[in-house]
Amino acid sequence: MDKLANVFYTFSVWVMNLALLNLLWIFFSVIGLFVFSFFPATIAMFGVCRKWVLKEYEIPVFKQFVHVFKKEYFKSQKTGFILLFIWALLYIELQILRAVDLYYFKPLLLFFYILMFLFIISILYMAPIVVHYNSSVIKIFKNSLLITIANPLYTITIIASVFCLVFILNMIPGLIIFFSGSVFAFVIMWFSHQVFIKNEQKLAV
């Protein structure tokens, strides 16, 4: 009975911490009208999850969240807006190539589809890299792309996990307000940390 009570208590603490982290992420994103705080709030959420992955379970969630939010604010904003800019360029280029619809543009169109796919997948590693390494924005992009290409198995596992979580949240919409970001962040951070350990010597930090 003691073991069962301990398991239930541990599970309850995890649920409450994940829910609190998710609410902090939403609240900080909203008060900055998303434009001024979504990226820093997301990085702060990953910063808390990193502590949990490193088995620092006793950290005060709110205090750690605010600490990372302040510390990484400008870097996360810069990285986020560069992401949006690159996404816009790739999207516009794809639309132009699709509109032209000439035979000799087909290989170029395929190239841009592959580039877009790699870009989207590499985004999964960017937040973990920001909170785990003291890297410049250029190195963040470089390392996220390097990890994506060099670790296909981990990348596929993360994508599969994300799809499973999306399926669960779609089946139980009531969980979205409490776990729509924090659970994703923890899963991605956990797998990313395994990749970091594996590729420690290869990453330009």
Side-chain angles (χ1 to χ4, degrees), residues 8-88 91 119-133 135 137 140-141 144 155 157-193:
F8 181 76
Y9 173 77
T10 302
F11 176 76
S12 300
V13 170
W14 270 103
V15 169
M16 287 189 294
N17 282 337
L18 285 168
L20 172 60
L21 181 59
N22 203 77
L23 292 173
L24 286 172
W25 173 59
I26 294 173
F27 176 74
F28 274 73
S29 297
V30 170
I31 62 173
L33 303 177
F34 289 94
V35 176
F36 301 104
S37 60
F38 174 76
F39 296 118
T42 301
I43 295 301
M45 178 171 61
F46 274 88
V48 174
C49 289
R50 176 181 175 271
K51 289 291 186 180
W52 290 339
V53 169
L54 295 176
K55 299 183 180 181
E56 298 181 32
Y57 304 124
E58 301 303 321
I59 60 163
V61 175
F62 178 79
K63 185 178 179 180
Q64 180 64 21
F65 185 96
V66 173
H67 170 72
V68 179
F69 184 92
K70 291 179 179 178
K71 179 184 176 184
E72 304 293 350
Y73 182 86
F74 292 106
K75 184 190 290 187
S76 59
Q77 281 290 80
K78 185 188 297 184
T79 304
F81 283 118
I82 291 175
L83 275 176
L84 291 177
F85 179 72
I86 295 174
W87 171 266
Y91 179 79
F119 173 71
I120 294 172
I121 301 304
S122 65
I123 291 175
L124 293 172
Y125 292 107
M126 288 186 183
I129 288 174
V130 171
V131 298
H132 196 72
Y133 297 107
S135 301
V137 174
I140 290 169
F141 280 87
S144 62
T155 302
T157 305
I158 291 175
I159 294 171
S161 300
V162 168
F163 273 106
C164 288
L165 291 172
V166 169
F167 177 78
I168 293 172
L169 291 177
N170 186 57
M171 293 292 292
I172 315 175
L175 297 178
I176 292 176
I177 188 68
F178 298 107
F179 305 108
S180 57
S182 58
V183 175
F184 285 92
F186 181 79
V187 170
I188 293 171
M189 190 69 234
W190 190 89
F191 281 111
S192 296
H193 187 252

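Predicted, not measured: the structure shown is a model, and the values here were computed from it.
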Task: Distance in Å, Ile140 CD1 paired with Ser122 OG, rounded so as to fall on 0.5 Å steps - done: 12.0 Å
Task: Closest heavy-atom pair and its distance - Gln64, Gly47 - done: NE2-O, 4.3 Å
Open item on the list: So, using ring-ring contact (aromatic ring centres under 6.0 Å, His included) as the criterion, who are the partners of His193 when residues are at least two apart?
Closed with: His132
Task: Side chain proximity check, Thr155 to Ile159, heavy atoms < 4.5 angstrom - done: yes
Review item, side-chain donor-acceptor pairs of residues 176-187, under 3.5 Å, at least two apart:
residue	atom	partner	partner atom	Å
Ser180	OG	Asn22	ND2	3.4
Ser180	OG	Ile176	O	2.7
Ser182	OG	Leu18	O	2.8

Open item on the list: Checking Ser29 now: which residues fulfil side-chain hydrogen bond (donor to acceptor under 3.5 Å, both in side chains) with it, not counting sequence neighbours?
Closed with: none
Open item on the list: Tell me if the aromatic rings of Tyr73 and Phe69 count as close, with their centers under 6.0 Å from one another.
Closed with: yes
- [ ] Indicate yes or no: at least one non-hydrogen side-chain atom of Thr157 is less than 4.5 angstrom from one of Ser161.
- [x] yes
- [ ] Using a cut-off of 6.0 Å, state whether more than 12 heavy atoms not belonging to Phe81 lie near its atom CZ.
- [x] yes
TODO: Output all residues satisfying salt bridge (charged side-chain N to carboxylate O under 4.0 Å, His left out) with Lys51, sequence neighbours left out; order by chain, then residue number.
DONE: Glu56
Task: Rounded distance [0.5 Å steps], CZ in Phe167 versus CD1 in Ile172 - done: 9.5 Å
Open item on the list: Holding to ring-ring contact (aromatic ring centres under 6.0 Å, His included), I want the full list of residues that pass it with Phe27, two or more places apart in sequence or in another chain.
Closed with: none
Open item on the list: Just so I know, are the side chains of Leu165 and Val162 near enough to count as touching, which here means a heavy-atom distance under 4.5 Å?
Closed with: no
Open item on the list: Could you go through Leu124 and Phe191, starting from their C-alpha distance and side-chain angles, then the distance that decides it, and tell me whether this counts as side chain to side chain contact (heavy atoms under 4.5 Å, CB included)?
Closed with: CA-CA 10 Å; Leu124 293 172; Phe191 281 111; over 6 Å; no
Open item on the list: Using 0.5 Å steps for rounding, measure from the CG atom of Asn17 to the CG atom of Leu20.
Closed with: 6.5 Å
Open item on the list: Go through it in stages, so that I can follow the logic: the residues are Ile43 and Val131, the test is side chain to side chain contact (heavy atoms under 4.5 Å, CB included), and I'd like the CA-CA distance, side-chain angles, deciding distance and then a yes or no.
Closed with: CA-CA 7 Å; Ile43 295 301; Val131 298; 3.6 Å; yes
Open item on the list: So Phe46 and Ile188, do their side chains get closer than 4.5 Å, heavy atoms only?
Closed with: yes
Task: Minimum side-chain heavy-atom gap Ile86-Phe119 below 4.5 Å - done: yes
Open item on the list: Ring centres under 6.0 Å, that's the criterion: do Trp14 and Trp52 meet it?
Closed with: yes
Open item on the list: Does any part of the side chain of Phe39, heavy atoms only, come nearer than 4.5 Å to the side chain of Leu84, both counted from C-beta?
Closed with: yes
- [ ] Please list, chain by chain and in numerical order, all residues satisfying ring-ring contact (aromatic ring centres under 6.0 Å, His included) with Phe65, sequence neighbours excluded.
- [x] Phe28
TODO: Could you tell me the separation between the CD1 atom of Ile59 and the CZ atom of Arg50, rounded to the nearest 0.5 Å?
DONE: 10.0 Å
Open item on the list: To check you understand the geometry: which heavy-atom pair defines the closest contact between Phe141 and Met126, and what is its length?
Closed with: CD2-CE, 3.4 Å
Open item on the list: Given 3.5 Å as the limit, does a donor-acceptor pair link the side chain of Lys75 with the main chain of Ser135, or not?
Closed with: yes
Open item on the list: Can you tell me how the ring of Trp87 sits relative to the ring of Tyr91, calling it parallel under 30°, perpendicular over 60° and tilted otherwise?
Closed with: parallel
